Structure formats: structure tokens, C-alpha cells
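Contents: one structure, followed by commentary.
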Amino acid sequence: MIGGLFIYNHKGEVLISRVYRDDIGRNAVDAFRVNVIHARQQVRSPVTNIARTSFFHVKRSNIWLAAVTKQNVNAAMVFEFLYKMCDVMTAYFGKISEENIKNNFVLIYELLDEILDFGYPQNSETGALKTFITQQGIKGQVSKTKEQSQITSQVTGQIGWRREGIKYRRNELFLDVLESVNLLMSPQGQVLSAHVSGRVVMKSYLSGMPECKFGMNDKIVIDKQGKGGASDEAGKSGKQSIAIDDCTFHQCVRLSKFDSERSISFIPPDGEYELMRYRTTKDIILPFRVIPLVREVGRTKLEVKVVIKSNFKPSLLAQKIEVRIPTPLNTSGVQVICMKGKAKYKASENAIVWKIKRMAGMKESQISAEIELLPTNDKKKWARPPISMNFEVPFAPSGLKVRYLKVFESKLNYSDHDVIKWVRYIGRSGIYETRC
Amino acid sequence: MQEWANQLCENRQFGSKMTDSKYFTTTKKGEIFELKAELNSDKKEKKKEAVKKVIASMTVGKDVSALFPDVVNCMQTDNLELKKLVYLYLMNYAKSQPDMAIMAVNTFVKDCEDPNPLIRALAVRTMGCIRVDKITEYLCEPLRKCLKDEDPYVRKTAAVCVAKLHDINAQLVEDQGFLDTLKDLISDSNPMVVANAVAALSEIAESHPNSNLLDLNPQTINKLLTALNECTEWGQIFILDCLANYTPRDDRESQSICERVTPRLSHANSAVVLSAVKVLMKFMEMLPKDLDYYGTLLKKLAPPLVTLLSAEPELQYVALRNINLIVQRRPEILKHEMKVFFVKYNDPIYVKLEKLDIMIRLASQANIAQVLAELKEYATEVDVDFVRKAVRAIGRCAIKVEQSAERCVSTLLDLIQTKVNYVVQEAIVVIKDIFRKYPNKYESVIATLCENLDSLDEPEARAAMIWIVGEYAERIDNADELLESFLEGFHDESTQVQLQLLTAIVKLFLKKPTETQELVQQVLSLATQDSDNPDLRDRGYIYWRLLSTDPVAAKEVVLAEKPLISEETDLIEPTLLEELICHIGTLASVYHKPPSAFVEGSRGVQHKRLPGSAGSGESVDSPDTGSAAGVSEAPPAVIPSQGDLLGDLLNLDLTPPTATGPPPAPSSGMQMGAMDLLGGGLDSLMGDESEPPPIPLRTDTPQSPQLSHQSPSPPDYSPTELGGDLGGSPAMGAGFGAPAAAMPATFSAPVSGGLDDLFDLGGGVGMPMGAYSPPKTVWLPAMKAKGLEISGTFARRAGVIQMEMTLTNKAMSVMTDFAIQFNRNSFGLAPAGPLQVLTPLSPNQSIEVALPLSTVGPVMKMEPLSNLQVAVKNNIDVFYFSCQYPISMLFVEDGKMERQVFLATWKDIPNDNESQFQIKDCHLSSDAASSKLQGSNVFTIAKRTVEGQDMLYQSMKLTNGIWVLAELRVQAGNPNYTVSLKCRAPEVSQCVFQSYEAMLKN
């Protein structure tokens, strides 16, 4: 299991050091600093073995988090734990920075004591932790016995992510379907790979212990229903359904029920959390198409022309569009002409960055650039990194639609109809690249 | 207190200077003194401030242990925050101040009775972290109470505390009966208590490999599966990892567990998913392949594995390392998912390299075009390692998918045109491999290669190029000039290049003798007279002698046709792979090494195995080999990992280790040795099919990096330190697994190439004839045992070791109540049942008894090794005698080593462990000897004939897992055999030799 956990700043100074196991000595702290943080080369692996001690690390801005062990631990678990640790810290004091860590070091030690016991991760749900570890010190002694046992039963209980007795005057919930669409396209316009990775993020402000049921246009569910109902309707709805390659759920979702009935039922945590992630590869709407044309004119000049075409309903607007066209390292000067938006050559980033604020569907725009090159005797050819693109569109490129989210709370007197529900779809570019 | 908290809170809000970070800044002199004063202050706030400063100093590594008494004094408080801080300090320094730590005990004991469950749990949690013997005694009572506490939060903390205590004092935990209480907690009503109890028990069980601590039976499994649905994500991981150690009774149970585990594949936590995959991969082995469910399960595994690739990069890396294993074990799962492994421009380098590896494993005729297009892209990237690997990958595709070879070659030529130095060098190395795989097909590219001769500065590339020039000397007009140009700096070259150059020039001479006589003489004299390198000198001498005595023979040997190579390069050796599959998700699966390779001490040394498949005739590893281009027609071989087709010429240890000194003179006395040397050496040299070389030994010369990317290896990992001692039977398996892990890296080129055909002989040689059993001898004479005479022998019958005895009553009275016991012995022999003498033994009566033996008894090394001390009791007295058993009865039925493993192991065992023996007056042919030995589980793996002398390569495995490797030399007409034995435990050699003699002469 995890033998110790260290947090360093960018210089390699220790900010937090907590050792859980006897086999980890003080020198482990230094070993990691010397061999990884101070090592000159780029990190070649997130797992490092130094003198039979294994170090797992993740980096958040300038801060290094390292878990140490001498045993054959579950490596996936260690990384999941480190991410979780970051989430918990962010939930308590915001951004993970040297200053914030120093300001909250007592709190961090308290958390580390609670969520990791002898190297075994314990309940790490912020909702539960916040009931008894606060930035004002520990609540423990002020609370009543009844409250104490409520805390302990929540921390260890089946529904460790939600406490009882939550009350809202207005029962409200927000659903965000956030998708990132990834594309790798060949210069000839052939899709080499494309997938959407999506997340359903829920913000729930619901009283009591509500039982929720979430439904979407999952092909498997719709087909199943279609069989029972009228065939005409099935054909109609089948058209709108999407094939989901795989999905994963927050631990509140009853997985066995999903496995058997493919229904998504759960008692949600209070506040914001990620209900599910999913991945699709079929019938993706690619919001933009990039058509590159690069011509080398002699040894000292490049001509680049890039056309982008938007491919969605004309009534919708894409935002924050940015096209990044890489330039060779020996670029000496660039002239750009674009039809729409603004384009700039950024020497420090070796790229022409073309920004367009808004663009409606079924439109087209173009940029052309002349790149002057310094003559070099470097034999190595320019690698031609792909042209990448960023954007945001108000629909789900996978085609996913939320069909319902039903809320049942039997003990309190509000019904599904009383809950105010909001749904929003946002499609963003993930790694959206076209080779040139 | 509340005020302080508010103040702190305010400070945080307004971001003023009064925050906790100020504690980090005190660096003045006399700090300790000041802190001492503050700690003893009357004001609570000041005290707490001071403790915070102490903790901050502790964190940055300052020694504040001098403040121990002062800090402990602050412990008696009702302020929980202060208490926690003091506890934190205690955990750090208690060990250095054990006497002072005692001061804290009372508070702990008191806190364990506190009405607040949070405080009870805090006390028991902290106490377990204080590793001071005196304190642990006081811990027992509070712990016992807390284990039965009414609050689940306290119980779950206490469960982990048992594991802590066990780590400090295992005996105490057993004596106090905590283990039983812990087992009871598995049935607790609270899922988190169950999960922590499972985690604690699993950890404790690891240090007691043979105990039945985690008594997994269908009932407990059912409880675990129920808790699995209810506990936290971390608890699910503990439970799944524990489940993976269970072996279901039959395929039905296996299926029902799988059905209940599959929903976990949709969990958001990747570790839960990977642990579930581990359970499924393991239990799937037991399902019949024709079962519908089996197919369903296979289909269910792919999507979650692909989803793991959208996790954060660190987790992607862990997932990819595991997928690499899964793809080797069950390629069918991901065969259609090639695209998801395409490298993204922004992937971290470690993710890129792993993806590349998996792409090659999944490459097939169906997707090769796409793969090649990708690889070509990658070859223009920035990272040098990645580019090199991409170029190598193109070569591997050519060898793996024959239809793509032409396209691969032209891609490589394009890359050579880029003139990027390392790309060119890498390309030349792989083109050499392609030449070997498809001879006489792509030689037209040689001209292009020759143009780049000057730019090659890496030994491997130089060696590859020299090999190409030598091999195709007749087609290269200026081959002599090219080689001569290399010769100028001969002594500055690396050994690899020197050896290659020597051979290439000899080849050239044999092809164009007229123009190159001078050149060959020059290189021979450079190699033999001016070099300090024994390998080089020896190889030089051989060529010299060969050329001077019989040029025709030299031509036959040096220019012989080479065997083809195939793509089965860096596949992980099957037994290791099986073990690693059982470790999916863990560090072992990331390192691709068994836990014993990087975990200290006894923990984790246990070997895990996949359960056998459910009675189907299909062997478990068939999917792997099946995918690899027809096993029957093309025996697997390995791409030469270096340009050196010759391998390390004289790396053949046929002579005893001492003979490496002066070059052998052809005197009559040395005849034998010299012959071996030549035979072996030249075979290896040319990889001649009829006379393949024996084993690659010694690796003096640096081996080239493999085509595959080896996992980041722990620096001090060395296979030799694992296992090999007598005794510790569980560790033995580890000893064997490890060299196999190292195998791909140390494999040398010519070996497998040449040995294939030969090895196929291995299977056919010899019909089993039944194990050798010596005649009975008198062990206990009647006069020493009040009239009881025992004579006996040992035999291995149908896999069971038996002690066969004749008991004779030579006394006047009836004997009854026989019993037998053994003293501890070298191999843990013990009676597997009682001595069956059912009827009383009357005077002058004899009875035959066969006593089955097991090898799980207590172990003690005996002198001599095969000595066994026996006590026999009857109604008269107890008698003692000792006897010796032939070690051959310990040879187990599965002692046939994989040929490649054999080669690697032989090479891996240091020469000091080799012993040589003569067997005189034996008149068997080699085949007869082989079949005779096979009857006693000595397996012939290979046979080859050199100058009328047959060499048999044999392996046997002892019951405790020790492998013995043997080379038996039989010369027609010569009744004297020579046996060379290599074993990690050289102590057994003498006994094995004696058995050899006994087996052969019988």
C-alpha cells in the first residue's frame, strides 16, 4: 500500500510530508527530489523506481504530488487517489498552489490522516469530509452525540456521498452535457480517427434523499422499447438514438442495475458532481472541417492556405474559434490575410493563430499566409505538426439527448413536477487536428 | 478557540499575512529555545501556535525531536485540532524517544473510551502508528474493544489497526486472537468495515503464504460480492483484488462470479475497472471456450479498456502497460481497436512509446496499411527515442506481415533519404533484419545503404552495415574498399563491430579470394595479435585455422545458408505473462516484472498462477501463438538483436570455465576440447541448420537494445539474486520466472535461428520407459533393531514418490503398531500417509510396504544432500536409520523447459555453477540414453551432432522448483560420456550426476 505522500514546490522543497509505513525512510523525500524533480531530462515515466522504492507522481501547475511505496501496490489506485487528493484540496481551498498549501498545511495533514489510513484510501468524498473537517478546525467537539454518530454513519455508510436532512426551499437541478470532440484527419480529408468523449455534469439542489432516474437516447434502450411499442414509432425514434461505445458512472449510480436493465438510477450527491462519462465513435457530427494547403516555394518560402467550413445548422452559432497553424522553426517573417476574425503570427509559439469570435453553421472562411524562411543547413526536414483547432458549439456532437431525469422523494412532499430542471449542451474541441 | 478559528478564517478570506504559511518562514537561531518557551505557555492559543510551528519545521526536515516532552505535554487537551497536531508529532518522533512516548499512553487509553466516536477512532488509529514495543502492549485492550465498537467508523479504523500491529509484532496479533476477530468483521453489516477487514487480512496473509488466513470459500465470496455493490470505490478495489486470489471450484461458479463483477467495468474509477478486468481475465480461464457467455465476456472487456485511454496521462500509462499484457494473452479482445492506439501529438512521451508497442502487437494484414501510414508520420517527430522506435516498428511490421514487406522497405528508403542521422542508422539496423527474413528479395536497396556509410556512428548500425556488406560482398563492387575503410580504426571500434568486421572480411575473402588475401591477413592479425578481447581473439583463431586447414570446409561453414527469422521477438515468456495477468493493475504489471523482482523481503514473493482451463483440449496459450504466422511451418525464432549474425562466436562454454585462457593448441590431448570449440563456434557463426550451435553463453559483449521497448527497470534488479537456494520452495518459482523476464533483452541472435529444427527433434527423441529405481538395499539390519530388518528403495511411480520397503520380522515375537517419521531433510520429504502395516507381523514373516511421500515437509539442508533420517516405531521400540535417495525421483513430470527459456537460463547461470562429470563404461547410443533418461523425467530438449559426437541438451526440475540444465556428450564408440550440469543451486549437481550414472547404467 501507499507508504508515504509528499508534496513539493517547483524547486523541490517539501511542503507536506506524511509517512504511513515504516519501510519508507526520510531519505525517500530526497531521493525523489534528486532523481525526478531535479533531473535534467523530461519526465520519461510517471512511475519511477529508485533503489527498490517506487514513486508515483502527478503535477498540478508547479506542485508535485508524489506517493511512495516499497510494495506491489495497485498502481491504478495510487494514481486515482492522487487525483482524488487534488480534487479534495481544490474543493477545500481552491487552486493547488504553493501559497494555498502552505496556508492550509494543518488542514492538509488532517485530511491526509482521514482519507489515508496505513496507506489504504478511506472515504474521500468531499461532501462527507466537510461535515467534520473544516477550515475552522475540527467540528468534533462542538457537535452533539447524535450529530457525531450521524457523521460516522455517513462516512462509513452505503451513501457516503450525501448527508441526511438537506433542505432547499426551491428544488432545482442543472444538467450539463459537456462533450469534447476529437478528430485526426489526413491532409486529404480522410478521417483517421474521431471520437467524442462526453460528460454529464449535474448540479443538484434537492431536499432529502431523492431517488433519481436518468434517461437518454441510448440506442440499446430505445431499441428495446421500440420492440414493445408501435413499430412506426420505433423507426422514428431509432433514427435519433445514438450508439454509446462505453460509459462509466459516479459511484452513486447502481451499476448492477445498469448492467441488467441499462437504467441509470441513483441518489445524487449534493451540489455539483460528474454523473457519467461516455464515449461514442459512430455518426459523429464534426462541427468543422479544415482543408489545408501547404506549398514549399524554394527553400526559403512557404505558402499556406487553410479553409475552414462549419458543418451544422445555420441557426446555431459556434464560438471561441481558434485555428493554430504551425510554422517552421526558422521562420523569419509571416504575412497573413484572413477573410474573417484576426490572425497573428506568434513567434514564441511557432504558429499562426487565427481567432474568430463567432461563426454560424454552413459557412466557410479562409486564411492565406506567406512564410519567409531563413536558410539553414539543418538537414532535418520540418516535421509539419498538424493544424489544430479549438471551438465551442451549443449542441452535442455525439447526438446525445437527455430524455428525462425523474426525481422521487417519498418522504418529503415534493414530486417530480415540482423540481425545476435545466439542461444545457456544450460541445468543445478536444484534440481536433488535421495533418498538413 | 472559536475566536482563533474565526480570526484564521478571516485571514484566509482577506489573504493577509497572518496565515499558516508564516510557520514556514521562521529560520532564526535559538528557534528551538523559543518554541520550548511557547509550548509551555499558559495560553492555549500560544501553545497551538507553537505546535503548528513545530509541525512546519518537521515537514521541511528540521529535527525538532528535542521538543518531545514539551509537545507531549500539550496532548492532554480537549481541543481536537491541537490533539491531532500533537498526534502527528508523536507518530514522527515516538520511535526515536521510546521512553518518553510512554508518557502518551494514558491519554490514548483514555481517548479510546471517549464518548465521541471520532476521538475513539483517532486514538486507535494513531496508536497503531507508534512503533514502540512498550506501547503496543498497552494497545491490545483498547484495540479489542474498538474492534467490537458499536460505531462502524471505529470498527473500520480498528480493522486497519490490526494490520498495523501485525507489521510491528506479528506474534502478538496471533496470540491475542485479533486475526479471528478480523475474520469475523468480513461478515460485518457495514460495507466499509468489510472492505477494510479484507484489506488488512490480505496484507497479513501475504506475509504468511501458507496460512489459510483468508479462507475464501463460496460463503465468504458471496459476502464479498454483496459488499462490493455497497462500499466506497476504494473498498471495491480491496475486495476485487482479494477476489482475484480466489480459485473457483468449477466453471459454473466462475461464471456466476464473473457475472457479478462485470457491472464494475462501468465504474468511473479506473482502478476499480482494472481490478475487475483482472478478476475477469483470471476467471475466464476456467470457462469453456464454446460457452456463449465466454464470447459475451470477451466482447464486454474491450470498451472499458478503450475508455481507460481517455483518463489522465498517468493512468493511461498504467492502462497501456496492462493492455500490453492483455493483448499478448488474448489478442482477440482488442484486435479491432487499432485506431485508439494511434499516437496523439500532445501525448506525453511515455504514453506515445507504450502506444507504439501495442500498435505493433495488433498489426495484421487487415490494418497494416493504416499502421504503416501512422508509423511514417511518427518517424518525423521530435523525440529521438520515439522516432527510433517508430523506425524499428516499421521493420517489425515487415517481418510480421509478409504482404507489407515491400511497402515497409520503400518507407524505410524514404526515411533514409531524410538523412536524419539517427533515423538512417535505425533504418539500416532493421533493413538487415528484413534481409534475413526475406533473403534475395530486396538486395537492390544495398546501393542506397552504401551511400550512407560515412554517417553511421553507432555500433549497432555500423555492425549491421558491415554484415550487409559481408553478406552481399559479391554484389558490391567495392566491398573490399568499404570494409578496408572500417579496418583503419579497428581498435577504436566496439567489440560488436570488431567481431562483425572480422567475419565480414572472411566472408569477402571466401567469395573473392584473389583480391582480398592481404585484407584477410590484416584483420586476422589485428584480431588475434593486437587485441585484448578474448572473444575476438578466439574467433580470429578459429577462422585462421579453418582457412589454413580446409578452405572448402571453411566455405561450407562460413557461407552456409542461414535460417529465417520470424517476428516473435519481445513476447513476454508465457509463465511470466500468466503471473503478470494475475497482477493486473499493480506495479508488477507496470514494470512487467514479477513482484519478487522489486519487493523486498517475503512479501509478494508468492507466485500467482492462472487457473487451468476447463477441460478443453485447447491449450491456454494457443491464441498467442496462433496469431503468429503458423506455428508448425515456421518454428519461432528471434530477430537477431544485433547486426551480428555470428553472435558472440566463442561465447560457447563447452569447455569448463577454466579453459578460457590461452587459445587451444591442436595437440592430441586437447583434441576433444578443440573440436567442440570449432564445431560449436562455427555453427553459431553461420547458424547452419544441420549443426546448430548450442547455447549462447556469457554476454561479455554489450547486447544491442532490443526492438522492443523494455520497461523502466529498477536499477538494482538482477535475476541472479532471486531464488536458487535450497529450501524455500515458494521462492523457487520466482527464481525461474525472473530470468525469463530478462530473456528478451539478453537473447542473442544466432541461437534460436539455428536451433529450431534441432529442437523439434527434442519432442521425438525417446519413448518413456518408466523411472529408474535402484534395487533394494538393507537400511536397518535386524541386529540393530531388535529383530526388525528393513530393506528398501525409492521410486517415482505415476508422479508419486514412493518409499518401498520390505519389513522382515527376525525376532521371536509378533510386531505390531508400526509408524514412521522422517527428520527434516533437504527437499522436505515427508510421509504422505501412515505406514500401512495392517496385520501384525509374525516371526519370520516379511511384508512389502509402499509409502507415498510428499515434499511439503520441513526443510533442512542435509550433508550429503540426499540423506534422509528415518525413525520407525513398533510395539517394541523406536529405531533410527538413515538412507540416501536417488535425486532422480525428485524430477517432476513438467521438467521440460521451453527451448528458449533453456537457452536463456543456461546463459544466465554463472559459469561458476557449472560442473562437469565423466560417466565411464556406458554403451548406449545417444537416443537410447535420451529415452532412458526421459523415463526418469530428464527431458531432452535438443540434440545435435558434431563430428560424430552427439550432444544432448536436457532439463529437469526438482520438486522444489530448482531447475537443472544438462549437456550430455556421447561419442560413438567411446564408452565415456561427459555430463555438464548447470544449476542455480550448484549443491545439487553432485547428486544429479550420481543419478545420471545410475539411470544410464541401469
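Predicted model only: the values in this text are computed from it and were never measured. Each chain gets a letter, A, B and so on, in the order its sequence line appears, and its residues count up from 1.
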Heavy-atom pairs under 4.5 Å with chain B - which of A/Phe6, A/Phe249, A/Phe118 has more of them than the others? A/Phe118
So, A/Ser54 versus B/Tyr591: side-chain donor-acceptor pair below 3.5 Å or not? yes
Can you tell which of B/Thr126, B/Asp385, B/Leu122 has the highest number of heavy-atom pairs within less than 4.5 Å of chain A? B/Asp385
Heavy-atom distance under 4.5 Å to chain A: side chain of B/Glu312, backbone, both or neither? both
So, do B/Arg125 and A/Asp113 sit near enough that their side-chain heavy atoms are less than 4.5 Å apart? yes
Bottom line for B/Asn269: the part with an atom under 4.5 Å from chain A's heavy atoms is both
For A/His57, which atoms come within 4.5 Å of any heavy atom of chain B: side chain, backbone, both, or neither? backbone
Should B/Lys156 and A/Asp117 be marked as a salt bridge (Lys or Arg N to Asp or Glu O under 4.0 Å) after you check the CA-CA gap, both sets of side-chain angles, and the distance that decides it? CA-CA 10 Å; B/Lys156 71 112 184 158; A/Asp117 190 5; 5.5 Å; no
Which atoms of B/Ser275 approach chain A - backbone, side chain, both or neither, heavy atom under 4.5 Å: side chain
Heavy-atom side-chain proximity of A/Asn49 to B/Leu587 below 4.5 angstrom: no
Option from A/Glu80, A/Gln122, A/Gln251 for which side chain to side chain contact (heavy atoms under 4.5 Å, CB included) with B/Trp234 holds: A/Glu80
Side chain, backbone, both or neither: which part of A/Leu192 has a non-hydrogen atom closer than 4.5 Å to chain B? both
Do you know which of A/Tyr278, A/Trp161, A/Phe79, A/Tyr20 has the most heavy-atom pairs under 4.5 Å to chain B? A/Phe79
Let me know if B/Tyr87 has heavy atoms under 4.5 Å from chain A in its side chain, its backbone, both or neither. neither
At their closest point, which heavy atom of A/Val47 faces which heavy atom of B/Val590, and how far apart are they? CG2-CG1, 4.2 Å
Atom pair OG (A/Ser186) and CD (B/Glu374), whose distance is rounded to the nearest 0.5 Å: 10.0 Å
With a 4.5 angstrom heavy-atom cut-off, could you sort out which part of A/Arg18 is near chain B: side chain, backbone, both or neither? side chain
A/Arg384 side, atom CZ; B/Glu381 side, atom CD - distance, nearest 0.5 Å: 15.0 Å
Top contributor to chain A interface from B/Thr232, B/Val318, B/Leu315, B/Val193 [non-hydrogen pairs under 4.5 Å]: B/Leu315
For B/Val306, is it the side chain, the backbone, both or neither that has a heavy atom under 4.5 Å from a heavy atom of chain A? both
Considering only heavy atoms from C-beta outward, does the side chain of A/Thr248 approach that of B/Thr307 to under 4.5 Å? yes
Rounded to the nearest 0.5 Å, what's the gap from OG on A/Ser17 to CG on B/Asn92? Could you check? 6.5 Å
At a heavy-atom distance under 4.5 Å, which candidate from A/Asn123, A/Val58, A/Asp30, A/Thr53 has the highest pair count against chain B? A/Val58
With a 4.5 Å heavy-atom cut-off, do A/His195 and B/Lys339 have their side chains touching? no
Under a 3.5 Å cutoff, is there a donor and acceptor pairing between the side chains of B/Thr586 and A/Asn72? yes
Given B/Pro191, B/Ala271, B/Pro263, the one with more heavy-atom pairs under 4.5 angstrom with chain A than any other is B/Pro263
Need one label for B/Met58: side chain, backbone, both or neither, based on atoms under 4.5 Å from any heavy atom in chain A. backbone
For the CG atom of A/Leu107 and the CD atom of B/Glu81, what is their distance to the nearest 0.5 Å? 9.0 Å
A/Lys257 versus chain B, the contacting section by heavy-atom distance below 4.5 Å: neither
Need one label for A/Asp259: side chain, backbone, both or neither, based on atoms under 4.5 Å from any heavy atom in chain B. side chain
B/Lys164 portion near chain A, given a 4.5 angstrom heavy-atom threshold: both
Would you compute the distance between atom CG of B/Leu353 and atom OG of A/Ser45 and round it to the nearest 0.5 angstrom? 10.5 Å
Do B/Glu233 and A/Met77 touch side chain to side chain, with heavy atoms closer than 4.5 Å? no
Side chain from CB out, backbone as N, CA, C, O: work out which of these in A/Asp245 comes under 4.5 Å of a heavy atom of chain B, or both, or neither. backbone
Taking it one step at a time, do A/Asp22 and B/Ile168 satisfy side chain to side chain contact (heavy atoms under 4.5 Å, CB included)? CA-CA 9 Å; A/Asp22 203 36; B/Ile168 305 170; over 6 Å; no
Is B/Asn421 close to chain A through its backbone or its side chain, or both, or neither, when contacts mean heavy atoms under 4.5 Å? neither
Rounded to the nearest 0.5 angstrom, the CD1-OG1 distance for A/Ile108 and B/Thr59 is 10.0 Å
Quick check: do A/Ser193 and B/Phe341 have side-chain heavy atoms less than 4.5 Å from each other? no
Please state whether the side chain, the backbone, both or neither of A/Thr48 comes within less than 4.5 Å of a heavy atom of chain B. backbone
Chain B contact via A/Phe258 - side chain, backbone, both or neither, heavy atoms under 4.5 Å: side chain
For B/Pro303, is there any backbone N or O sitting under 3.5 Å from a side-chain donor or acceptor partner on A/Arg279? yes
Please report the shortest heavy-atom distance between B/Phe238 and A/Pro121, naming the atom on each side. CZ-O, 3.7 Å
Residue part contacting chain B, namely of A/Arg44, when any heavy atom lies under 4.5 Å: both
Which bit of B/Ala379 comes within less than 4.5 Å of chain A, counting heavy atoms only: side chain, backbone, both or neither? neither
Checking heavy atoms, do the side chain of A/Asn100, its backbone, both or neither come under 4.5 Å from chain B? neither
Is the shortest side-chain N to carboxylate O distance from B/Glu314 to A/Lys59 below 4.0 Å? no
Given B/Asn196, B/Leu308, B/Asn322, B/Leu274, the one with more heavy-atom pairs under 4.5 angstrom with chain A than any other is B/Asn196
Side chain proximity check, A/Val106 to B/Ile55, heavy atoms < 4.5 angstrom: no
Considering all heavy atoms, the nearest A/Tyr120-B/Glu203 contact: OH-OE1, 2.5 Å
Winner by heavy-atom pair count (cut-off under 4.5 Å) against chain A, out of B/Pro152, B/Ser270, B/Cys129: B/Ser270
With respect to chain B, which residue among A/Tyr109, A/Phe81, A/Phe56, A/Tyr83 yields the maximal number of heavy-atom pairs within a distance under 4.5 Å? A/Tyr83
What residue in B/Cys161, B/Ala163, B/Ser266 has the most heavy-atom pairs under 4.5 Å with chain A? B/Ser266
Could you tell me which portion of B/Arg155 (side chain, backbone, both or neither) has an atom closer than 4.5 angstrom to a non-hydrogen atom of chain A? neither
